[in-house]
Q: 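One structure, as structure tokens, below. Some questions next.
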Amino acid sequence: MIEILNSTRLDRAKVTGALVGDILHTLKRRSTVGTNLLDIDQWAKEMITDAGAQSCYVDYAPSFGRGPFGHYICTAVNDAVLHGRPHNYTLADGDLLTLDLAVSTRGVAADAAISFLVGEARPAQSVAMIETTERALAAGIAAARPGARIGDLSHAIGTVLSEAGYPINLEFGGHGIGSTMHQDPHVANNGRPGRGYKLRPGLLLALEPWVMADTAQLVTDADGWTLRSATGCRTAHTEHTIAITDDGADILTLPTQA
């Protein structure tokens, strides 16, 4: 299903997106050395509930997961990259943490992810990976405009990732979003320009470049959800929900806080 939102629902999407951005901003600030991943999940639950919003994750049970996810946020550390299920782990200095959050308010969802280093350590390879995913996301957003094709976005993202030397996995990528979290069209993190669905104003897309340092192969953790790099290398993941407008694309999941 591909949804095209009218102006009323786009206004709701902007509210949901701002909430997602603000929650991630707050969680990044709180996630310090000594923080437990289960604490982050609890903080996310409290902020979602206080806002009168609904989690897109708690009851989420797709074919690639083992039963309902059962948590309010994805927390992926170091070699984990996607669908990281919160567990009893305490963050250490230099850990690379990805927080991925999707919520719904008034029937419209938004989805975003951030990767960052915890504490004071700044391993150069980790910094480079994070910056590359951010640049790839910016390139994908810049390519998003009415009349463009999904392949144009995929190509823009993939060009940045491949030029930086990262293998690209095509199993998971960006997606349409609206009344539900995951919709068509799929937005792969590499592709051929001029191919695929033609973008229209009112379309919401969640673009999410992610990389692993030296492999494109994923393995599933024992929890049935967390996806890790097959070689144990570090990973990074950045995501925004955007709305296609007459003039290009609006980023909905930027934080409103300084």
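One-based numbering along the sequence shown. Just so it is clear, the structure is predicted and the values come from calculations on it, not from any experiment.
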Q: Can you establish whether the number of heavy atoms outside Asn6 located under 6.0 Å from its atom CG is more than 12?
A: yes
Q: What heavy-atom pair brings Pro209 and Leu137 nearest, and what distance separates the two atoms?
A: CG-N, 3.5 Å
Q: Centroid separation under 6.0 Å, is that true for the rings of His186 and His175?
A: no
Q: Would you call Asp221 and Arg228 a salt bridge, taking side-chain N to carboxylate O under 4.0 Å as the test?
A: yes
Q: Any side-chain heavy-atom pair from Pro201 and Asp246 closer than 4.5 angstrom?
A: yes
Q: Kindly give the heavy-atom pair with the smallest separation between Val187 and Leu153, and that separation in Å.
A: CG1-CB, 4.4 Å
Q: Could you tell me the separation between the CG atom of Asn189 and the CH2 atom of Trp210, rounded to the nearest 0.5 Å?
A: 7.5 Å
Q: Quick one, Ile177 and Gln183 - any side-chain contact, counting heavy atoms below 4.5 Å?
A: no
Q: Per the salt bridge (charged side-chain N to carboxylate O under 4.0 Å, His left out) rule, what does the pair list look like for residues 126-154, sequence neighbours excluded?
A: none
Q: Are Ile4 and Leu252 connected in a single hydrophobic cluster, I mean Ile/Leu/Val/Met/Phe/Trp/Tyr linked by side-chain heavy atoms less than 4.5 Å apart?
A: no
Q: Could you tell me which non-hydrogen atom of Ala243 sits nearest to which non-hydrogen atom of Leu10, and how far apart they are?
A: CB-CD2, 4.1 Å
Q: Can a donor-acceptor pair be found between the side chains of His237 and Ser115 at a distance below 3.5 Å?
A: no
Q: By side chain to side chain donor-acceptor pair (under 3.5 Å), which residues pair with Gln125, not counting sequence neighbours?
A: none
Q: Is there a side-chain contact between Ser126 and Arg122 (heavy atoms, below 4.5 Å)?
A: no
Q: Thr49 and Glu46: side-chain donor and acceptor closer than 3.5 Å?
A: no
Q: Does Ser154 have any side chain to side chain donor-acceptor pair (under 3.5 Å) partners at least two apart in sequence or in another chain, and if so, which?
A: none
Q: Looking at Thr133, Val160, Ile168, Ile130, which one forms a side-chain contact (heavy atoms from CB on, under 4.5 Å) with Val211?
A: Thr133
Q: Return yes if a side-chain donor-acceptor contact under 3.5 Å exists between Thr16 and Thr105, otherwise no.
A: yes
Q: How many angstroms lie between CG in Asp41 and NE2 in His87, if you round to the nearest 0.5 Å?
A: 12.0 Å
Q: Considering residues at least two apart in sequence or located in another chain, which fulfil the side chain to side chain donor-acceptor pair (under 3.5 Å) criterion with Thr231?
A: Asp214
Q: Check the pair Ile48, Ile23 against side chain to side chain contact (heavy atoms under 4.5 Å, CB included), reporting the backbone distance first and the verdict last.
A: CA-CA 8 Å; Ile48 293 168; Ile23 291 175; 3.9 Å; yes
Q: Could you name each residue pair satisfying ring-ring contact (aromatic ring centres under 6.0 Å, His included) that touches residues 35-57, not counting sequence neighbours?
A: Tyr57-Phe69
Q: Evaluate the side-chain proximity of Ile73 to Leu99: yes if any heavy-atom separation is below 4.5 Å, no if none is.
A: yes
Q: With sequence neighbours left out, what residues match Asn78 under side chain to side chain donor-acceptor pair (under 3.5 Å)?
A: Asp95, Arg234
Q: List the atom of Ala80, the atom of Thr235, and the distance in Å for their closest heavy-atom pair.
A: O-OG1, 2.7 Å
Q: Could you go through the side chain to side chain contact (heavy atoms under 4.5 Å, CB included) check for Leu96 and Thr98 one step at a time?
A: CA-CA 7 Å; Leu96 198 166; Thr98 298; 4.2 Å; yes
Q: Could you walk me through whether Gln217 and Ser229 pass side chain to side chain donor-acceptor pair (under 3.5 Å), step by step?
A: CA-CA 6 Å; Gln217 185 178 352; Ser229 62; over 6 Å; no
Q: Please tell me if the side chains of Thr35 and Arg30 come closer than 4.5 Å, counting only heavy atoms from C-beta onward.
A: no
Q: Do Thr238 and Glu208 have side-chain N/O donor and acceptor atoms under 3.5 Å apart?
A: no
Q: Linking I/L/V/M/F/W/Y whenever their side-chain heavy atoms sit closer than 4.5 Å, directly or via other members, would Leu97 and Met129 fall into one cluster?
A: no
Q: Under 3.5 Å, is there a donor-acceptor pair linking the side chains of Asp11 and Thr8?
A: no
Q: Pairing donors with acceptors under 3.5 angstrom, does anything connect the side chains of Asp22 and Thr256?
A: yes
Q: What distance do Lys14 atom NZ and Leu5 atom CG have between them, rounded to the nearest 0.5 Å?
A: 11.5 Å
Q: Checking Thr226 against His83 for the side chain to side chain donor-acceptor pair (under 3.5 Å) test, could you report, in this order, the C-alpha distance in whole Å, the side-chain angles of both residues, the deciding distance, and whether it holds?
A: CA-CA 5 Å; Thr226 303; His83 315 152; over 6 Å; no
Q: Can you name the nearest heavy-atom pair linking Thr32 to Val118, along with the distance?
A: C-CG1, 3.6 Å
Q: Where do Pro185 and Ile150 come nearest, in terms of heavy atoms and distance?
A: CG-CD1, 3.7 Å
Q: About how many Å separate NE2 of His155 and CZ of Arg192, when rounded to the nearest 0.5 Å?
A: 11.0 Å
